[in-house]
Amino acid sequence: MLHLDLDAFFASVEQLTRPTLAGRAVLVGGLGPRSVVAGASYQARVHGAHSAMPMSRARRLVPAAVVLPPRLAVYRVLSERVFDVVRRIDGAMEQISIDEAFVEPSGLFGAGPDEVLESAERLRADIRASTGLTASVGAGSGKQLAKIASTMAKPDGIKVVPQGTEKDLLAPLPVRKLWGVGPVAETTLRRAGVDTIGKFAALTLPEVTALIGNAIGTELHGLAQGVDHRPVAQRGEAKQVSAETTFDADLSDVEAVRRAVAEMAAHAHRRLVASGRAARTVTVKIRGADFATKSRSATTPTASTNLATLAATARRLTDGALPDSGVRLIGVSLSGLTDFVQPPLFEDGTEEADEANARSAEPAEPPGPVDHQVPERAWRAGDDVRHTEHGHGWVQGSGHGRVTVRFETRNTGPGQARTLAVDDPALTRADPLASLD
DNA sequence: TCTGGGGTCCTTAACCCA
DNA sequence: TCTGTGGGTTAAGGACCC
């Protein structure tokens with residue numbers, strides 16, 4: 001079984017489509033005061049920056065880093081290209097995120113380490129040739145092992161764990177390397193004197209489950225004994241769709257909170273409809289200034305696609321969960337999803353009433369917060385732009401009425417930076433996907 | 001140092017029902 | 001009618017993953 005993991009994916013895509021950034025420290029993440037790092041190039045990691053770290057801290061660690069907001073649309077396109085290559089392999093594939101997948105090539109059944117190595121090397125070369133991205137591959141007898149191996153292979157490498165060597169490989173590793181052991185379980189285990197996978201493997205099943213819980217305990221205990229029979233199988237559709245936002249400063253006004261809930265409901269609803277599903281359960285999530293998170297949910301007998309219905313539920317739930325202090329985060333999640341079959345037109349059964357309603361209500365919905373009265377927002381670092389003369393580029397920075405743009409795309413090689421007037425009529429916003437050409 | 005946004009799954013408790 | 005018992009569902013909170 002193989003685990004394939006793209007190296008520093010978000011940052012690597014930025015370096016690929018903006019060639020000036022190749023070899024430089026890049027941090028991908030929000031620009032706001034409360035954002036965290038979503039991706040860091042290896043040149044940034046050298047200084048201690050990593051994913052999930054508060055961006056403020058990462059910037060302090062790597063003052064020279066270029067900080068860019070994520071361009072998910074670009075990452076999605078490249079991810080698809082990568083996994084199209086992977087899918088050409090005969091066998092099962094399970095994509096587990098935008099940049100990771102398990103693969104079980106039928107040709108490798110019963111193969112020796114050399115054959116596995118060769119096959120993985122070919123896969124990496126194919127991915128590199130067709131996308132320009134590097135992937136690391138781990139190979140082992142089960143999911144956990146393949147995953148741990150790919151981590152050890154990074155960056156741009158391969159690690160094959162031959163049959164029979166599993167325990168020797170795992171024993172010295174910190175228990176935190178196990179997929180499923182996070183900060184809490186790590187602390188619990190450390191307090192019990194268990195800091196390596198070897199020591200963990202020596203525990204009995206009852207000891208393990210008492211420490212870290214039944215489900216994960218049973219699974220990880222089995223793994224430590226070399227038992228990992230989870231199949232590689234394609235994932236189904238999402239079971240939940242949600243939208244949430246953290247405010248730059250806590251909200252104290254109840255009306256502002258309600259507006260935010262309505263916005264998040266609309267955002268989640270948009271994606272619900274796009275996925276062709278209906279939801280039975282609405283959950284509102286509220287995080288207070290003290291970081292304590294409350295959730296309130298309600299389930300209705302029939303699923304709905306109606307924004308007004310879902311948003312009204314969200315609003316009602318909000319009022320029951322407001323903290324005394326300010327509000328830091330608002331989220332709305334829709335679950336209990338069912339495929340939404342468009343009801344037949346002249347049916348008058350009461351069951352379909354809600355959905356029929358939804359159908360007629362949908363087109364009347366505002367398409368989004370579009371307001372042409374509002375002046376276009378200033379250029380922000382990372383924006384894709386197009387200039388009638390210089391072509392496609394990206395904004396490096398702006399201020400004092402000027403904007404600095406680096407004109408380059410994947411295929412131009414490193415480009416020139418030019419400083420222009422912010423209101424230069426030759427300069428317009430551009431589709432980020434154009435940076436792939 | 002001060003903690004995102006999108007998810008999955010697990011645990012516990014309460015409740016309804018057969 | 002009372003007392004278990006056990007399944008299924010809902011709700012709330014958390015751990016964990018990328």
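A:S51 comes within 4.0 angstrom of nothing in the nucleic acid, heavy atoms only. Counting any heavy atom pair closer than 4.0 Å across all strands shown, A:G180 reaches sugar-phosphate atoms only and no base atom. Across all strands, A:I212 comes closer than 4.0 Å to no nucleic acid atom at all (heavy-atom distances). Using a 4.0 Å heavy-atom criterion, one finds that A:R176 contacts the sugar-phosphate atoms exclusively. Across all strands shown, A:V37 has no heavy atoms under 4.0 Å from either base or sugar-phosphate atoms.
Checked by atom type, the side-chain pair A:T134/A:D7 shows a donor-acceptor distance below 3.5 Å. Between A:E207 and A:T204, the side chains place a donor N or O and an acceptor N or O closer than 3.5 Å (distance only, hydrogens not considered). Looking only at atom types and distance, the side chain of A:S242 has no donor-acceptor partner in the side chain of A:S333 under 3.5 Å away. Residues A:Q163 and A:S141 bring no donor and acceptor atom of their side chains to less than 3.5 Å of each other. With hydrogens and angles left out, the side-chain atoms of A:T293 and A:R287 include a donor and acceptor closer than 3.5 Å.
A donor-acceptor contact shorter than 3.5 Å links the side chain of A:Q95 to the backbone of A:S97. Checked by atom type and distance alone, the side chain of A:T300 pairs as donor or acceptor with a backbone atom of A:R280 at under 3.5 Å. No side-chain donor-acceptor contact under 3.5 Å links A:S335 to the backbone of A:Q240.
The nearest whole Å value for the distance from the CZ atom in A:F247 to the P atom in B:dG5 is 9 Å. Between A:L329 atom CG and C:dG13 atom P the separation is 14 Å, expressed in whole Å. Distance, A:E100 CD to B:dG7 C1': 14 Å, rounded to whole Å. Rounded to an integer number of Å, the gap from CD1 of A:I216 to C1' of C:dC17 is 10 Å. The nearest whole Å value for the distance from the CG atom in A:L211 to the P atom in C:dA15 is 16 Å. Taking atom CH2 of residue A:W179 and atom P of nucleotide B:dT8, one finds them 14 Å apart after rounding to whole Å. Following rounding to the nearest Å, A:D5 (CG) and C:dC17 (C1') show an atom-to-atom distance of 12 Å. Note: NZ (A:K143) to P (B:dC9) measures 11 Å, nearest angstrom.
Counting only heavy atoms from C-beta on, A:V36 has its side chain closest to B:dG4 among C:dC16, B:dG4, B:dG5. Closest to the side chain of A:R271, out of B:dG6, B:dT3, C:dC16, is B:dG6. When each of C:dC17, C:dA15, B:dT1 is scored by its nearest atom to the side-chain atoms of A:V184, the top-ranked nucleotide is C:dA15. Of all nucleotides listed (C:dC18, B:dG4, B:dG5), B:dG4 comes nearest to the side chain of A:A52.
Nearest approach of A:L310 to A:H269, heavy atoms of both residues: CD1-CD2, 4.0 Å.
Taking atom P on both C:dC18 and B:dT3, the two are 22 Å apart, rounded to the nearest angstrom. The P atoms of B:dC2 and C:dC17 are separated by 24 Å, rounded to the nearest whole Å.
Phosphate contact (OP1/OP2 of B:dG6, side-chain N/O of A:Q240, threshold under 4.0 Å): absent. Between A:K239 and B:dC9, a side-chain N or O to OP1/OP2 separation shorter than 4.0 Å is present.
Between A:A215 and A:R57, the residue whose closest nucleotide on DNA chain B is further toward the 5' end is A:R57. Residues A:N214 and A:A238 each lie close to DNA chain B; by heavy-atom proximity, the contact nearer the 5' end of the strand is made by A:A238.
The partner of B:dT3 cannot be assigned: no Watson-Crick or G-U wobble pair with both contacts below 3.5 Å exists in any strand.
Near DNA chain C, defined here as any heavy-atom distance below 4.0 Å, the residues from residues 280-300 of chain A are A:R280, A:K294, A:S295, A:R296, A:S297, A:A298, A:T299, listed numerically.
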